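Only one structure is covered here, and it is reproduced in the block below.
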Amino acid sequence: SAEKWNACCDNRNPFMRWEFLMNLEKTQCVGPSTGWDHWYGLVYQNTELVATWPMYLKSHSYGEYVFDSQWAHFSHQLGHAYFPKLVVSIPFTPATCSRIGLADGIALSDVIEHIKHQLLETADTLNASSIHILYLTDNEKDSFENVQFSVRKGFQYYWRNEGYATFDEFLAKLTVNRRKSIRKERKHLNQSSLVIERIEGDAITDHHMDFLWQCYQDTTSRKWGEAYLTEAWFQSIHHHLSSHMVLFLAKDESYYTAGSLNFSAGDQLYGRYWGALNDIKYLHFECCYYQLIDHAIHHHYQRIDAGVQGEHKFIRGFQPTPTYSCHWIKQPVLRDVVNQFIALETKEIDRLIQEYKKVTPFKDKNK
């Protein structure tokens with residue numbers, strides 16, 4: 001039931017909620033025909049549900065944002081099928097947050113062996129070549145590493161709230177050039193006819209979501225991407241999770257022209273989808289970064305996770321931060337090669353993060 005499942009949810013994670021996962025099913029974003037065949041893991045202590053996780057039997061690697069096409073290619077060279085594979089993930093959601101739901105009073109260390117056993121048993125039953133747990137927390141990463149899963153490192157750009165009282169206080173921490181640049185971008189839009197509306201909770205209507213569906217279609221078509229979410233998803237998600245949603249929509253006179261869809265929970269703010277029906281300079285930065293920063297400061301959110309990619313985030317105050325996934329591969333030769341790959345990749349990720357620190361947009365604290 002929704003009540004029992006949600007009782008195991010981290011209050012900082014809107015994507016593990018029963019409503020979010022069930023809505024993906026009901027709107028046919030996931031299911032056998034999509035290559036995301038949905039399964040769910042449960043651990044009981046006597047009759048009490050103590051741990052939960054969503055998992056999907058995958059026939060492809062799309063919509064995961066942890067890229068393993070080279071692994072699949074090498075597996076086929078070895079003469080072994082890479083698909084299906086078992087993925088513990090929130091579909092289409094490259095956001096670091098808990099992937100294992102835990103009841104109050106239960107530590108992951110209490111149940112990790114049970115979870116591992118069930119994952120291996122499920123993979124064997126479904127003839128999956130491997131198990132992949134994506135965008136998990138540091139604690140989850142450590143726990144799965146302790147039970148012999150391989151840890152793969154990546155990074156994304158997160159904004160952190162250092163106790164700022166205002167947006168200007170945040171800007172004051174940046175170098176002069178970066179501060180001037182951001183003010184120039186915001187001034188350009190302030191002098192236009194555009195108005196940015198913040199819409200959240202019960203104020204979100206079907207009309208707003210229909211517009212965001214148009215934006216989503218435009219974004220995926222221009223990037224030659226695949227529209228993983230359906231129109232039905234956009235038409236229904238706010239009926240289930242409006243209390244966790246905030247929209248920033250740009251209006252020009254009487255019509256909307258661009259906007260972003262974001263989620264929040266606990267002290268976390270997650271930027272998810274953006275689109276624009278007209279190409280307006282700097283508007284992406286306003287709807288996806290500056291409005292979110294303003295909102296985070298006002299509501300005391302501690303972190304903004306604005307999604308994958310985008311060095312343009314870095315120069316606007318988002319800092320490169322490690323992300324993790326954990327992997328178990330059945331075939332020994334492929335497993336050894338993947339572990340070598342991960343070791344080399346980790347060194348490169350660490351080098352890149354160190355390079356970013358040398359060119360930070362923040363002022364030197366020692367000056």
Side-chain angles (χ1 to χ4, degrees), residues 12 65-67 94-97 135-139 141-142 151-190 196 248 260 262-264 266-272 274 281-325 342-367:
R12 298 183 300 172
Y65 304 96
V66 175
F67 302 102
T96 293
C97 45
Y135 290 98
L136 67 179
T137 65
D138 287 357
N139 178 52
K141 177 262 295 184
D142 293 341
V151 176
R152 187 180 186 185
K153 191 175 191 178
F155 74 92
Q156 287 179 203
Y157 305 92
Y158 297 154
W159 182 86
R160 289 186 175 82
N161 191 346
E162 301 294 342
Y164 305 120
T166 64
F167 190 91
D168 282 339
E169 188 173 316
F170 156 65
L171 287 183
K173 298 294 184 179
L174 302 179
T175 62
V176 172
N177 288 340
R178 292 314 316 153
R179 188 161 61 244
K180 286 182 177 179
S181 179
I182 291 173
R183 283 177 172 157
K184 175 185 174 181
E185 292 172 359
R186 302 202 83 183
K187 182 179 179 181
H188 175 83
L189 291 172
N190 286 336
I196 308 296
F248 296 104
S260 66
N262 313 276
F263 288 84
S264 65
D267 60 1
Q268 308 289 302
L269 185 59
Y270 302 91
R272 295 307 309 128
W274 142 268
K281 194 174 184 180
Y282 305 136
L283 189 53
H284 171 255
F285 305 138
E286 183 67 30
C287 288
C288 297
Y289 308 142
Y290 306 145
Q291 288 291 328
L292 268 67
I293 291 171
D294 258 333
H295 190 66
I297 291 171
H298 180 73
H299 289 279
H300 308 291
Y301 292 119
Q302 295 304 300
R303 189 186 75 174
I304 300 173
D305 176 342
V308 296
Q309 303 175 334
E311 287 195 347
H312 46 272
K313 297 186 184 87
F314 172 70
I315 60 176
R316 292 171 175 83
F318 288 71
Q319 302 174 55
T321 306
T323 60
Y324 298 100
S325 55
I342 287 174
L344 293 171
E345 185 182 49
T346 298
K347 290 181 180 180
E348 180 62 13
I349 293 294
D350 289 340
R351 185 192 68 80
L352 283 171
I353 291 175
Q354 288 304 313
E355 289 298 316
Y356 274 115
K357 290 180 179 179
K358 297 177 183 178
V359 291
T360 174
F362 289 90
K363 294 187 294 189
D364 187 340
K365 293 181 180 179
N366 295 321
K367 292 182 180 180

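Nothing here was measured: the structure is a model prediction, and the numbers come from that model.
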To the nearest 0.5 Å, what is the distance between OG1 on Thr137 and CZ on Arg12? 8.5 Å
Ring of Phe167, cation from Arg186 - is the NZ or CZ under 6.0 Å from the centre and inside 45° of the axis? yes
Run the side-chain hydrogen bond (donor to acceptor under 3.5 Å, both in side chains) check on Tyr157 and Tyr356 step by step: do they pass? CA-CA 11 Å; Tyr157 305 92; Tyr356 274 115; 2.5 Å; yes
Lys363 side chain to Ala172 main-chain N or O, any donor-acceptor pair under 3.5 Å? yes
Non-hydrogen side-chain atoms of Leu352 and Pro320 separated by less than 4.5 Å: no
Can you check whether Trp274's main-chain N or O pairs, donor with acceptor, with Ser260's side chain at less than 3.5 Å? no
Gap between atom CG of Asn262 and atom CD1 of Ile304 - 0.5 Å precision: 9.0 Å
Could you check whether any side-chain heavy atom of Tyr324 comes within less than 4.5 Å of a side-chain heavy atom of Lys153, counting everything from C-beta outward? yes
Classify the ring geometry between Phe285 and His312 as parallel (under 30°), tilted (30 to 60°) or perpendicular (over 60°). tilted
side-chain hydrogen bond (donor to acceptor under 3.5 Å, both in side chains) evaluation trace for Thr166 with Asp168: CA-CA 5 Å; Thr166 64; Asp168 282 339; 5.4 Å; no
Just wondering, do Leu283 and Ile196 contact through their side chains at under 4.5 Å, heavy atoms? yes
Side-chain contact test, heavy atoms from C-beta onward, threshold under 4.5 Å: evaluate it for Ile349 versus Pro322 and give yes or no. no
Main chain of Tyr65, side chain of Tyr135: is a donor-acceptor contact present, judged purely on distance under 3.5 Å? yes
Rounded to the nearest 0.5 Å, how far apart are OG of Ser181 and CD1 of Ile315? 6.5 Å
Backbone N/O of Gln309 and side chain of Lys313: donor-acceptor pair under 3.5 Å: yes
Kindly compute the distance separating CG (Asn190) from NZ (Lys187), expressed to the nearest 0.5 Å. 10.0 Å
If you draw the axis of the six-membered ring of Tyr158, does the NZ or CZ of Arg303 fall within 45° of it and under 6.0 Å from the ring centre? yes
Could you go through the side chain to side chain contact (heavy atoms under 4.5 Å, CB included) check for Phe314 and Gln319 one step at a time? CA-CA 6 Å; Phe314 172 70; Gln319 302 174 55; 5.9 Å; no
Flag side-chain contact, heavy atom, 4.5 Å: Val151 against Ile342: no
Give a yes/no verdict on a cation-pi contact between Lys173 and Phe362, requiring under 6.0 Å between NZ or CZ and the six-membered ring centre and an angle within 45° of the axis. no
Minimum heavy-atom separation for Phe263 to Arg272, with atom names? CD1-CG, 3.5 Å
Asp305 vs Gln156 side-chain heavy atoms within contact, under 4.5 Å: yes
Could you go through the side-chain hydrogen bond (donor to acceptor under 3.5 Å, both in side chains) check for Arg160 and Thr321 one step at a time? CA-CA 11 Å; Arg160 289 186 175 82; Thr321 306; 3.1 Å; yes
Would you say that Glu355 contacts Val359 through its side chain, given a criterion of any heavy-atom pair below 4.5 Å between the two side chains? no
Any chance you could measure Ile293, atom CD1, to Leu171, atom CG, to the nearest 0.5 Å? 8.0 Å
Has the side chain of Asn161 got a donor or acceptor atom that lies under 3.5 Å from a matching backbone atom of Tyr164? yes
Taking the ring of Tyr289 and the ring of Trp159, is the distance between their centroids below 6.0 Å? no
Specify the closest pair of heavy atoms between Ser325 and Val66, including all atoms of both residues, with the distance to one decimal. OG-CG1, 3.8 Å
Side chain to side chain contact (heavy atoms under 4.5 Å, CB included) assessment of Lys184 paired with Tyr282: CA-CA 10 Å; Lys184 175 185 174 181; Tyr282 305 136; 4.1 Å; yes
Do you see a donor-acceptor pair shorter than 3.5 Å between the side chains of Tyr290 and Glu185? yes
Between Gln302 and Gln268, is any side-chain donor less than 3.5 angstrom from a side-chain acceptor? no
Going through the checks in order, is the side chain to side chain contact (heavy atoms under 4.5 Å, CB included) test met by Glu169 and Glu162? CA-CA 10 Å; Glu169 188 173 316; Glu162 301 294 342; over 6 Å; no
NZ/Lys141 to CG/Leu136 distance, rounded to the nearest 0.5 angstrom? 8.5 Å
Trace of the side chain to side chain contact (heavy atoms under 4.5 Å, CB included) decision for Ser264 with Tyr270: CA-CA 6 Å; Ser264 65; Tyr270 302 91; 5.9 Å; no
